[in-house]
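A short worksheet on the structure shown next.
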Amino acid sequence: MKYIIQSFVLTMGLLIASCSSLLDIEPRQSIDSSVALTTREGINAAVTSVYTYLKAQVTYGRDLIAIAEALADETQIINRAGGRYVSEGQNVINNHFLGWPTYYTAINEINLILEALPTSPFSEAERASIEGEIKFLRALNYFNLARVFAFDPKVAIASLNKGGVPIMTTGIKTPEQVQYPTRASVADVYSLIYQDLTTAVAKAPATGGPNRATKAAALALFARVALYNEDFPNAIKYATEALAAGVGRFVGNTDYVAAWRSNTHPESIFEVLFQTRQESLGVNNSIQTAYTTIESVAQANSLAALRPTPLPPANGYGGIVPTTAFLNLHQTGDVRRQLYQLGLNRSNSTVIECTKFLGKSGVIYMDNVPVIRISELYLIRAEAQARSNGDLAQALADVNMIRTRAGLTAATGLTNAQLQAEIVLQRRLELAFEGHRWFDLKRRGQDVIKATGNVTYGDTRILAPIPNSEILANKNLAQNSGY
């Protein structure tokens, strides 16, 4: 299949590639033919290589964060970036998420590692640890594939539903092994994700992180997946266990902004690590430049304290910025509002921008990306309790953890409907510009209401199109409706 054969190569030919348009991911950790997947060094290098796919522009390097926000309803596009993000901000058809071949190349590499483990020179305990780690990564890749290209569980529109995504659990080494699968059902895709996360919870390392998969990361991802699946008991269970796992800490009010100025966010249970200049996606493609014109934490601090005249030159585009309506959701005294400040002048435009990503590693355009953090787990558990009409006192306590930390008074006397609305509001405020809002609307079957034109649930533009090259290469693969 085209997405399986060409984007990633183990130099002894373990993995072949086929699609000439596949994203080139740097830095590429190639594996010398003398070690391959028969040695400790080869397998360790292959596991490290799997993480590089999370740094790609089409995944957490930018699109799963910034394009997710552009597609949703809390941002506006300032056309000072050479037209970048305008089509996504206006939800123009075919301007959506990409990444299909990147996800499947990573999955194929994972499958090859899993097949090599039983005869590898590792101890049984080491094999189990590696299996847990890479099954977390396979679950994450399949989860992202499903939420980008398919309807979420419980909210599919039957007349438009083409299924989930193809399930591949066998590694492809040669062209002769290429398969042409159909799209599995969404239920079957989630069943595989559950299986992989169950293994990850049991076998992934108990310590480490947040930039490597751990048991805590697996528990946290399981909580999120269960919430999307409207499996509220498991969302509650795994959120609770992840909060007790000891990876990441809930930051307080006084260090909330500072947490977003730290290279590694202290709340991160799992985050994508960028550590070499070669991994920077640069001025044209990084999250930082999508969100802000500001160069660094130091510059943001100086601008917040006293805006100099004249302003220094802009170093990013700042094309995806908050709407006034979103900013107005912040009550007086909400510490989270401090993360939005006036940027620099670009194209005769100075606007309020999000400063969650500011080259905090010390290198411009290169930020670690929190994927799952502690605050989300409180909100997952609160939503699951409220929507299942479970322990409403616990749900209120959890949402008040987020409110009071932000500097707001604790909410009291809420009905279930009011509680659910408050949880939705706090998710919007707490997780803004982290790539959640589009997917939150989608998983709940809600319309996207925005000034540039609404996207009603069931509109073609709710789902990303499968690349046409894949449809042409695999006659068994059904395209999403409307494309």
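Between the side chain of Thr48 and the main chain of Asn44, a donor-acceptor pair closer than 3.5 Å is present. Looking only at distances, a side-chain donor or acceptor of Thr355 sits under 3.5 Å from a matching main-chain atom of Leu339. Between the Glu434 side chain and the Pro370 main chain, no donor and acceptor come within less than 3.5 Å of each other. In this structure a side-chain-to-backbone donor-acceptor pair under 3.5 Å is present from Arg346 to Gly316. For the pair Thr289 (side chain) and Tyr317 (backbone), a donor-acceptor distance under 3.5 Å is present. Between the side chain of Thr293 and the backbone N or O of Ala314, no donor-acceptor pair lies under 3.5 Å. Side-chain N or O atoms of Lys450 include one that pairs as donor or acceptor with a backbone N or O of Ala72 at under 3.5 Å. Distance alone, capped at 3.5 Å, places no donor-acceptor pair between the Asp196 side chain and the Phe136 backbone. A donor-acceptor contact shorter than 3.5 Å links the side chain of Thr240 to the backbone of Ile236. No donor-acceptor distance shorter than 3.5 angstrom exists from the side chain of Ser87 to the backbone of Val92, with no hydrogens or angles considered.
Heavy-atom minimum distance, Glu267 versus Ser375: OE1-OG, 2.8 Å. Taking every heavy atom of both residues into account, Thr75 and Ala70 meet most closely at OG1-CA, 3.6 Å. The two residues Gly61 and Ile287 have their closest heavy-atom pair at O-CG1, 3.2 Å. When all heavy atoms of Gly445 and Val155 are compared, the pair lying nearest together is N-CG1, 4.0 Å. In plain terms, the two heavy atoms of Val58 and Leu98 that are nearest each other are CG1-CB, 3.9 Å. Closest heavy-atom contact between Pro322 and Glu353: CD-CA, 4.1 Å.
To the nearest 0.5 Å, atoms CD (Gln341) and OG1 (Thr292) are separated by 7.0 Å. Remark: Ile67 CD1 to His96 NE2 distance equals 10.5 Å, nearest 0.5 Å. Note that CG of Asp367 and CG of Leu273 are 11.5 Å apart. Values are rounded to the nearest 0.5 Å. Once rounded to the nearest 0.5 Å, the distance linking CG of Leu221 with CD1 of Ile372 reads 4.5 Å. Atom CG of Asn141 sits about 5.0 Å away from atom CD1 of Ile107, to the nearest 0.5 Å. Atoms CZ and CD, from Phe149 and Glu470 in turn, are 9.5 Å apart once rounded to the nearest 0.5 Å.
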(message) Run Tyr194 and Phe222 through ring pair (Phe, Tyr, Trp, His ring centres under 6.0 Å) and show every step you take.
(response) CA-CA 7 Å; Tyr194 270 46; Phe222 216 150; 5.0 Å; yes
(message) As a quick check of understanding, evaluate salt bridge (charged side-chain N to carboxylate O under 4.0 Å, His left out) for Glu69 and Arg437, giving each step before the final call.
(response) CA-CA 7 Å; Glu69 297 296 341; Arg437 180 60 175 168; over 6 Å; no
(message) Let's go through Asn315 and Ile294 carefully: what are the C-alpha distance in whole Å and the side-chain angles of both, what is the deciding distance for side chain to side chain contact (heavy atoms under 4.5 Å, CB included) to 0.1 Å, and is it a yes or a no?
(response) CA-CA 6 Å; Asn315 287 285; Ile294 300 172; over 6 Å; no
(message) ring pair (Phe, Tyr, Trp, His ring centres under 6.0 Å), that's the test. Do Phe97 and Phe439 meet it? Break it down for me.
(response) CA-CA 12 Å; Phe97 296 107; Phe439 295 111; 5.4 Å; yes
(request) Test Arg212 against Val47 for side chain to side chain contact (heavy atoms under 4.5 Å, CB included), laying out the working first. (result) CA-CA 10 Å; Arg212 293 293 289 248; Val47 172; 3.4 Å; yes
(request) Apply side chain to side chain contact (heavy atoms under 4.5 Å, CB included) to Asn111 and Thr170, showing your working. (result) CA-CA 6 Å; Asn111 291 339; Thr170 301; 5.8 Å; no
(message) side chain to side chain contact (heavy atoms under 4.5 Å, CB included) for Tyr238 and Val225? Distances and angles first, verdict last.
(response) CA-CA 10 Å; Tyr238 289 116; Val225 169; over 6 Å; no
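Shown here is Lys356, whose NZ atom has more than 12 heavy atoms of other residues, nucleotides or ligands within 6.0 Å. In this structure, Arg40 places its CZ atom where more than 12 heavy-atom neighbours from other residues, nucleotides or ligands lie under 6.0 Å away.
For the pair Arg224 and Phe143, the cation-pi criterion (under 6.0 Å, within 45° of the ring axis) is not fulfilled.
Taking the side chain as every heavy atom from C-beta outward, Asn108 and Met168 never approach each other to under 4.5 Å. The shortest distance between side-chain heavy atoms of Leu137 and Tyr53 does not fall below 4.5 Å. Looking only at side-chain heavy atoms (C-beta outward), Ile113 and Ile43 come within less than 4.5 Å of each other. In this structure the side chain of Asn284 never reaches within 4.5 angstrom of the side chain of Tyr365, judged on heavy atoms. Residues Leu54 and Val371 are not in side-chain contact: their nearest non-hydrogen atoms beyond the backbone lie 4.5 Å or more apart. Here the side chains of Tyr60 and Lys55 are not in contact, with every heavy-atom distance at 4.5 Å or above. With contacts defined as side-chain heavy-atom distances shorter than 4.5 Å, the pair Ile462/Val455 qualifies. Contact of the Arg373 side chain with the Leu431 side chain is registered, since non-hydrogen atoms from C-beta on lie closer than 4.5 Å.
Checked for salt-bridge contact, Arg444 and Glu383 meet the test: a charged N lies under 4.0 Å from a carboxylate O. By the 4.0 Å N-to-carboxylate-O rule, Lys215 lies too far from Glu241 to be salt-bridged with it.
For Glu131 and Thr199, the side-chain atoms include no donor-acceptor pair closer than 3.5 Å. At a cut-off of 3.5 Å, with distance as the only test, no side-chain donor of Gln195 or Arg138 sits close to an acceptor on the other residue. In this model, no donor atom of one side chain and acceptor atom of the other lie less than 3.5 Å apart for Asn79 and Tyr85. There is a side-chain donor-acceptor pair under 3.5 Å between Glu126 and Ser123.
If you run salt bridge (Lys or Arg N to Asp or Glu O under 4.0 Å) between Asp398 and each of Arg381, Arg405, Arg403, only Arg381 comes through.
Taking the six-membered ring where the residue is Trp, Tyr291 and Phe357 present tilted rings, their angle falling between 30° and 60°.
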